[in-house]
Amino acid sequence: DSGVTQTPKHLITATGQRVTLRCSPRSGDLSVYWYQQSLDQGLQFLIQYYNGEERAKGNILERFSAQQFPDLHSELNLSSLELGDSALYFCASSPDRATEAFFGQGTRLTVV
Amino acid sequence: QKEVEQDPGPLSVPEGAIVSLNCTYSNSAFQYFMWYRQYSRKGPELLMYTYSSGNKEDGRFTAQVDKSSKYISLFIRDSQPSDSATYLCAMDPNSGYALNFGKGTSLLVTP
């Protein structure tokens with residue numbers, strides 16, 4: 001167990017809908033990262049938050065947004081969902097650097 | 001062209017074999033090199049972490065980085081069926097912000 005908790009584990013929703021994925025980082029970790037994993041693209045970095053502030057942005061669509069709350073948990077919001085958004089979404093956390101990050105078990109999103 | 005290239009396999013070896021997994025990359029700014037293991041339906045788990053060039057050994061695992069060739073390797077000695085997983089290489093240009101992952105190599109170790 002990495003200590004990073006993601007909920008829900010599975011999510012099935014229809015196109016056009018909006019969902020929220022939640023991540024609780026390891027105790028003491030200030031950085032949270034979101035990654036998307038699909039068969040054709042592999043693991044793609046979406047966004048990083050550090051102590052409540054956005055620190056880096058990767059290949060995140062405008063339909064997606066994230067935030068990190070004062071208690072350091074993070075949420076990834078996905079809206080106007082399309083079939084192509086079906087993927088595994090991972091959260092990772094670290095004290096600071098991405099090289100020290102531990103990953104959660106992921107949320108499997110299926111858009112039908 | 002992706003910055004990090006990795007042969008997806010699958011790679012099938014008998015138990016006890018030496019396994020060689022490789023990645024190539026194009027961004028010379030990468031300084032940190034990592035190998036992750038991912039079991040089916042699980043999150044990636046950090047195996048090895050190397051800074052700049054050289055070798056690093058941890059039990060049955062050895063990581064090698066050749067920055068002049070932009071090539072990294074992971075060797076697994078005395079492979080076990082429990083090593084069957086997808087192995088992902090990842091790299092960081094010292095920004096500390098995000099990792100660039102290869103697509104992963106699927107490994108099957110047969111008893």
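Just so it is clear: chains get the letters A, B, ... in the order the sequence lines come, proteins before strands, and each one is counted from 1.
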Checking heavy-atom separations under 4.5 Å from chain A, one finds in residues 34-50 of chain B M34(B), Y36(B), Q38(B), R41(B), K42(B), G43(B), P44(B), L46(B), Y49(B)
Could you state whether F30(B) and Y87(B) fall into the same hydrophobic cluster, counting links through intermediate Ile, Leu, Val, Met, Phe, Trp or Tyr residues with side-chain heavy atoms under 4.5 angstrom apart? yes
Report, by ascending residue number, the residues of residues 103-111 of chain A in heavy-atom contact with chain B at a distance under 4.5 Å; give 'none' if the set is empty. F103(A), G104(A), Q105(A), R108(A)
Backbone N/O of D40(A) and side chain of K103(B): donor-acceptor pair under 3.5 Å: yes
Rounded distance [0.5 Å steps], CG in L43(A) versus OG1 in T86(B): 10.5 Å
Heavy-atom distance under 4.5 Å to chain B: side chain of Q44(A), backbone, both or neither? side chain
Test: R97(A) and D92(B) ion pair at under 4.0 Å: yes
Proximity breakdown for Q37(A) and chain B, heavy-atom pairs closer than 4.5 Å: side chain
Just checking heavy atoms, which of residues 17-26 of chain A are less than 4.5 Å from chain B? none
Not counting sequence neighbours, which residues clear side-chain hydrogen bond (donor to acceptor under 3.5 Å, both in side chains) with S68(B)? List them please. D66(B)
If two hydrophobic side chains count as joined below 4.5 Å and joins carry through other members, does L88(B) share a cluster with F102(A)? no
Test of understanding: clusters of I, L, V, M, F, W, Y form through side-chain heavy atoms closer than 4.5 Å, transitively. Do F75(B) and V19(B) belong to the same one? no
Do you reckon F45(A) sits in the same ILVMFWY cluster as V32(A), going by side-chain contacts under 4.5 Å, direct or chained? no
Would you say L99(B) and Y35(A) make side-chain contact, with heavy atoms under 4.5 Å? yes
hydrophobic_cluster_shared for L76(A) and L11(A), side chain cutoff 4.5 Å: yes
